[in-house]
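No experiment lies behind these values; they were computed from the predicted model shown.
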Amino acid sequence: MFPSYAAMCNKEGKVFIAMDLLGLAPKPEHRCPIPVADDPDKIVIPKGRTPDAIVKNLTYIEEEDLVNNGSQSFAVFGGNQSWLQREENFNLKPSMKVHCGFLKNGGADLNPVDIEYVKRCRFLVASGIFDGYDVPHQPSNISIRSKKLFCFLMVVDEVSLKFIKENVTVRKDKDKGMWVGLWRLIPLKHQPYDEPRRNGKVPKILTHRLFPQAQYSIWIDGKMELIVDPLLILERYLWRDKHTYAIAQHKHHRSIYEEADANKRRKRYARPLIDLHMKIYYSEGMEPWSLKKNTISDVPEGAIIIREHTALNNLFNCLWFNEVNLFTPRDQLSFGYVVYRLKGLFKFFMFRNCEYYSLFILHPHTREHSSKVEWVKSLSEFKGSGSSMKESRGGFGLWTPYPKNLDSVTLPQVVRTSKAG
């Protein structure tokens, strides 16, 4: 008996997904209509906040012993989370205190004038440019209401700020705040990591820590030009169906192991360190995505994240960031793992990738990130004089003895479902 037409057309249903895996489903659309409301001025903003039901009180570890690298002691932004602490943090309780970046003297500081400015930001669109690989792209189709309601914050490092000043007009207001069109530039001083990609995860994942007054945020990557009013985005992806966290599905991959394979092929980080990262996850029970799972996919398109800053969402972001801090900076490998460890208690809306491509225009980077470890093929290359390639302030979980023996762990075979990605 053939599946019904409705079942075949439901792109979030298991019938469609199964047909897609067999190559029997229609080719996915690149762009598709977004069912947003017609008029930002008619959007009713919910009063108050979504109640915190599971985690009611969340606080952060902000000071602890310094790290000693054999020659000197220094503070690290992500802290010295032990394997035991990491394990305990996945057991949700009404009151929790966790690592969540921003340890004292660990870096990622804002200018006083920007600290004062962001205190007024309850609704924000946030983005970031690191390592000088982009200039800000101006949002379009933004209503007068949203221009008054939202802060548009572009977090930049010193290299990017210099690059932006050389390529576009930067104006200063009377308080010496810096602007490029709608975007308020927020310089992030004292970069916490050696890796520009890892530095970029600070404003992306820890938006609630960098801008603690915000109640709602829309994160977009620096290469993207927003073409839909942000108020319509919040209504569509959060308020309409009472979601508090929304993220797009990856266009090509559902399994983190396939995503890891793609990262290795595209030389996005050292291949043996990606393998080690995945071996730890596989040993901890993270199975490849399948129709048996309750999620549409384990791999998001992380270039857009739409959030209400509830205690549980903030905790999820902390745990997600801690994985990025401990292992590789490839955050798409860690998102589904944290979802798995929280055993279905973290609820989120993963929407179709074709809608993601209708929210933005994607611009090519002026250049790619640079990394010393991208071409490394074996762990032996990190020994001797090659030890200088190790990151000094991030990825400690890849070099700290793991409590279990990973020698017998064989990663699941990857069947490439797409030539792209």
Assess whether a salt bridge exists between [X] and [Y], defined as any Lys/Arg side-chain N lying under 4.0 Å from an Asp/Glu carboxylate O.
X: Arg236; Y: Glu355; answer: yes
X: Arg341; Y: Glu323; answer: no
X: Glu88; Y: Lys93; answer: no
X: Arg145; Y: Asp229; answer: no
X: Arg265; Y: Asp261; answer: yes
X: Glu308; Y: Lys242; answer: no
X: Glu235; Y: Arg240; answer: yes

Is the shortest heavy-atom distance from the side chain of [X] to the side chain of [Y] under 4.5 Å?
X: Asn353; Y: Tyr356; result: yes
X: Leu210; Y: Leu153; result: no
X: Leu406; Y: Leu276; result: yes
X: Ser217; Y: His309; result: yes
X: Phe211; Y: Val155; result: yes
X: Gln138; Y: Val180; result: yes
X: Leu92; Y: Leu312; result: yes
X: Pro187; Y: Asn111; result: yes

List the steps and the verdict of ring-ring contact (aromatic ring centres under 6.0 Å, His included) for Tyr282 and Tyr257. CA-CA 9 Å; Tyr282 194 56; Tyr257 300 105; 5.7 Å; yes
Is a donor from one side chain sitting under 3.5 angstrom from an acceptor on the other, for [X] and [Y]?
X: Asp221; Y: Trp219; result: yes
X: Asp331; Y: Ser334; result: no
X: Arg307; Y: Asn313; result: no
X: Glu259; Y: Asn263; result: yes

Taking all non-hydrogen atoms of both residues, which atom of [X] and which atom of [Y] are closest, and how far apart?
X: Ile296; Y: Met350; result: CD1-O, 3.5 Å
X: Ile45; Y: Phe123; result: CG2-CZ, 3.8 Å
X: Gly222; Y: Ile129; result: CA-CG1, 4.2 Å
X: Ala37; Y: Ile43; result: CB-CD1, 3.7 Å
X: Pro288; Y: Lys293; result: O-CE, 3.6 Å
X: Ala270; Y: Val376; result: CB-CB, 3.9 Å

Any chance you could measure [X], atom [atom1], to [Y], atom [atom2], to the nearest 0.5 Å?
X: His277; Y: Ile256; atom1: NE2; atom2: CD1; result: 7.0 Å
X: Ser140; Y: Phe360; atom1: OG; atom2: CZ; result: 11.0 Å
X: Ser146; Y: Leu226; atom1: OG; atom2: CG; result: 9.5 Å
X: Asn322; Y: Leu206; atom1: CG; atom2: CG; result: 8.0 Å
X: Leu333; Y: Asp298; atom1: CG; atom2: CG; result: 11.0 Å
X: Ile115; Y: Leu110; atom1: CD1; atom2: CG; result: 5.5 Å

[X] side chain to [Y] backbone, donor-acceptor under 3.5 Å:
X: Asp175; Y: Gly177; answer: no
X: Trp183; Y: Pro139; answer: no
X: Lys204; Y: Gly200; answer: no
X: Arg31; Y: Tyr357; answer: yes
X: Ser387; Y: Lys383; answer: no
X: Asn167; Y: Phe163; answer: yes
X: Glu258; Y: Arg254; answer: no
X: Gln249; Y: Arg352; answer: no
X: Gln191; Y: Pro196; answer: no
X: Lys267; Y: Lys264; answer: no

Arg198: what forms a salt bridge (charged side-chain N to carboxylate O under 4.0 Å, His left out) with it, not counting sequence neighbours?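 Testing Arg198 for salt bridge (charged side-chain N to carboxylate O under 4.0 Å, His left out), a comparison that skips the adjacent residues, returns Glu391.
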Decide yes or no on side chain to side chain contact (heavy atoms under 4.5 Å, CB included) for Phe349 and Ile306, but give the supporting numbers first. CA-CA 10 Å; Phe349 175 36; Ile306 306 161; over 6 Å; no
Can you classify the ring geometry of [X] versus [Y] as parallel (below 30°), tilted (30 to 60°) or perpendicular (above 60°)?
X: Phe77; Y: Tyr193; value: perpendicular
X: Trp179; Y: Tyr117; value: perpendicular
X: His250; Y: His253; value: parallel

Steps toward salt bridge (Lys or Arg N to Asp or Glu O under 4.0 Å) verdict (Arg209, Glu62): CA-CA 12 Å; Arg209 296 282 278 135; Glu62 296 182 337; 3.6 Å; yes
Looking at Tyr269, is Arg197 sitting on its ring face, NZ or CZ under 6.0 Å from the six-membered ring centre and within 45 degrees of the normal? no
Going through the checks in order, is the side chain to side chain contact (heavy atoms under 4.5 Å, CB included) test met by Phe335 and Val299? CA-CA 7 Å; Phe335 180 91; Val299 185; over 6 Å; no
Under the criterion side chain to side chain contact (heavy atoms under 4.5 Å, CB included), I'd like the reasoning laid out for Lys251 against His30: C-alpha separation, chi angles, the key distance, then a yes or no. CA-CA 9 Å; Lys251 187 174 185 179; His30 181 66; 2.8 Å; yes
Please assess Arg184 against Asp173 for the test side chain to side chain contact (heavy atoms under 4.5 Å, CB included), listing each intermediate value before the final yes or no. CA-CA 10 Å; Arg184 166 80 175 220; Asp173 60 24; 3.3 Å; yes
With Lys162 via side chain to side chain contact (heavy atoms under 4.5 Å, CB included) - residues at least two apart: Glu166
Tyr245 and ring pair (Phe, Tyr, Trp, His ring centres under 6.0 Å): which single residue from Phe346, Tyr216, Tyr237 fits?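 Of Phe346, Tyr216, Tyr237, ring pair (Phe, Tyr, Trp, His ring centres under 6.0 Å) with Tyr245 is met by Phe346 alone.
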